[in-house]
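The structure appears right after this line, and notes come after that.
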2 protein chains.
Amino acid sequence: MIKRPTIADVAQAAGVSPQTVSRAINNKGEISAETKERIMEIARQLGFRPSNIARSLVKQQTTTIGIVIPDITNPFFSEIVRGVEDLAHLHSYNVFLCNTDEVPERELSSIDSLLEKQVDGVILCSSRLEEVELASKLKEFPFAVLINREIEEIPEKVRVISFDDRLGMCMAVTHLVQRGHRHIAFLAGPERSRSGQKRLSGYYSCLKDNGISIDPGLVNFCEPSFEGGLHTLQKLLDAHPEVTAVLCYNDLVAIGAIREILTRNLSIPADLSVIGFDDIPMAALVHPPLTTLRMPKREVGIIAMKILIDLVEGNHPTEYNKIFLPELIIRGSTN
Amino acid sequence: MIKRPTIADVAQAAGVSPQTVSRAINNKGEISAETKERIMEIARQLGFRPSNIARSLVKQQTTTIGIVIPDITNPFFSEIVRGVEDLAHLHSYNVFLCNTDEVPERELSSIDSLLEKQVDGVILCSSRLEEVELASKLKEFPFAVLINREIEEIPEKVRVISFDDRLGMCMAVTHLVQRGHRHIAFLAGPERSRSGQKRLSGYYSCLKDNGISIDPGLVNFCEPSFEGGLHTLQKLLDAHPEVTAVLCYNDLVAIGAIREILTRNLSIPADLSVIGFDDIPMAALVHPPLTTLRMPKREVGIIAMKILIDLVEGNHPTEYNKIFLPELIIRGSTN
DNA sequence: CTGTTAGCGCCTTCAT
DNA sequence: ATGAAGGCGCTAACAG
């Protein structure tokens, strides 16, 4: 490979000092328009590109951020990442992407690599780190935004963005109760999932608020997948044929539930209503189209990045520890 | 923020020279085991982290690569990216993610930012740049891998990975012909899509090989979306009721086609067979489950990254300009 | 408006 | 086995 030209090469070719070239390429005012023109032209001819690496070393700023998520193939996270990258690109930041598969070791090593790369900030989604470990890593970053993960003490340079899972669940329950449902099952996802726990608590409290007696047998934990929804509903319906509506931990579980219901030659929503969570693209395309709670995923990504940029660039972030509200999208799977 | 400790700080605390610390953290042999131990312990206490920025400036290597794709929310690309990041992480590389939305200006500015960040290499997916522009940018990277995009002259430091779209289409056509279909429609996707063109040419040549007369009216271009499939098939079926099978540009188009067919109270596959392309996760979950051509997306990502690492690290890459073959996944939408 | 000096944190090279 | 000098490409700070 041919060595890329440096600022010094341009300077020599233009017969000026390196500093003058620096001023030209950085649009600093203190330079005559014509020398600047001339230098830029020479730089172009030489194919000069400023080295962000060298610049970063001096400024101790990399215009780079990291985003850490469980899995980019999960549409929930890819939407968030898209929002993040859109705003990053608009502000000339670059984004390091790290997948963790919810494996704490991989999350830790990814975080360490971002630290060594000296990112200006990091966005952590659904972190599975323990409280102490998380707090300790957070300290090492200049700034951080947490999405979908609470911590006990929020350091000054950290912001937290979350979804109001309890409210979302309550909107779903209310929707069903208003339509006359009294036996509402809940396929609750993995038992240790934090958002699952919040949704479960919303389920219980909202049923209570509506004066509906609680039957713990109507709640089943399950894998957060199509198969998880299908198999778990199978067992649940066998044991509880009185059920007329099924709430689901996420859309994939809901789509599995739909399949199980149709397999039994029951009809949706006439015999059984189904509600999902997340509003992934698939939700609108299955048959019947799925009523679900839309989480504003891309918006969350955009806001997270906006906050991070404000933090990095020393502006006063307008947004603090935002809580996003889900929106009930009523489609064909509920009556 | 507290200034992070440098190699010099550790050196001072340990009463040795910076160089010795460097040797310790880099596992160079020329250092006694005990001083190394001692230095590492002190480094740990101080919370020292090597600066990859400074290191990159010296070595002119960043252990960073870039991947440029149209849209991370498209499951086709998120799978590829996942494969790339998995292998990158395994080899301690970090990955810059850039979305282009197929807008050449955004692709160009993303590429420029990667160049300034001095990535060790880049992976370009489905690039929409013109031949000349692409060739010119490619020259600036140390190494590059192209996925799903041909170029006329392949520079020495560039590798090309593609999918055999023609073969895939031929597998689909043959599958249908063997089952007795003679009137096979093709919802061909956007007219300017390169993979669409390859599939179309496969469609024509394979029909010909099977001695089936070609009716250009059975080919309709369409948006590569659910709605595109639905609306285009609507028009096509109105004009050509003799059709008994529908090939689709991708799975989304196929799922739209399925919806249109079911809306007409026709049954699948009894009245009409449908085949998609890509095998996105949704394909297996719709009803009926979609017969489709699986592209080994994650594997492609892994291989692309493997080749890139080999290139960067000066190994002789075992793989050259690989062509991946699709696999026909037969499910319920064909008889 | 332009140039000079120094240093960002680390590694390469050569000495000791 | 350890240390000293120099430089990677750039910009901040100061001088002129």
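All values derive from a computational prediction rather than experimental measurement. In what follows, every chain begins at residue 1, and chains take the letters A, B, ... in the order their sequences are listed.
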Nucleotide D/dT11, atom C1' - distance to NZ of A/K28 in whole Å: 8 Å
Atom pair distance, as rounded to whole Å: CG in B/N52 and P in C/dC8: 19 Å
State whether the side chain of A/K28 and the backbone N or O of A/S22 hold a donor-acceptor pair below 3.5 Å, judged by distance alone. no
How about A/Q12: does its CD atom have over 12 heavy atoms from other parts shown lying under 6.0 Å from it? no
Nucleic acid contacts - residues 14-22 of chain B versus DNA chain C, non-hydrogen atoms under 4.0 Å: B/Q19, B/S22
Using ring centroids (six-membered ring only for Trp), state whether A/Y93 and B/F96 fall under 6.0 Å. no
Taking only residues two or more places apart in sequence, or in another chain, which ones meet B/E41 in a side-chain hydrogen bond (donor to acceptor under 3.5 Å, both in side chains)? B/R44, B/Q45
Separation of D/dC10 P from A/K59 NZ (nearest whole Å): 13 Å
Pairing of B/D278 and B/K297 as salt bridge, 4.0 angstrom limit: no
Partner residues of A/R82 under the side-chain hydrogen bond (donor to acceptor under 3.5 Å, both in side chains) criterion, sequence neighbours left out: A/D86, B/D71, B/D101
Nearest whole angstrom, please: distance from the P of C/dG9 to the CD of B/Q61. 22 Å
Heavy atoms under 4.0 Å, any strand shown: does A/S56 hit a base, just sugar-phosphate, or nothing? nothing
Rounded distance (Å) that lies between atom C1' of C/dC10 and atom NZ of A/K117: 15 Å
Round to the nearest Å and state the distance from B/N26 atom CG to C/dT13 atom P. 14 Å
Could you tell me if A/Q61 and A/S56 have a donor-acceptor pair between their side chains, going purely by distance under 3.5 Å? no
Is the count of non-hydrogen atoms from other residues, nucleotides or ligands lying under 6.0 Å from A/E313 atom CD greater than 12? yes
Presence of salt bridge, B/E150 and B/R194, under 4.0 angstrom: no
With sequence neighbours excluded, tell me which residues meet side-chain hydrogen bond (donor to acceptor under 3.5 Å, both in side chains) with B/N99. A/E85
Among D/dT2, D/dT11, C/dT2, which is the nearest nucleotide to the side chain of A/R23? C/dT2
Has the side chain of A/K36 got a donor or acceptor atom that lies under 3.5 Å from a matching backbone atom of A/E34? no
Taking only nitrogen or oxygen atoms into account, show me every contact under 3.5 Å that the protein makes with nucleotides 6-9 of chain D, one pair per line with its distance.
from, atom 1, to, atom 2, distance (Å)
D/dG9, N2, A/A54, O, 3.4

Whole angstrom value for the distance that separates C1' of C/dC11 from CD1 of B/I31: 14 Å
For the helix from C/dC1-D/dG16 to C/dT16-D/dA1, what angle separates the axis at the start from the axis at the finish, each from five pairs, in steps of 10°? 40°
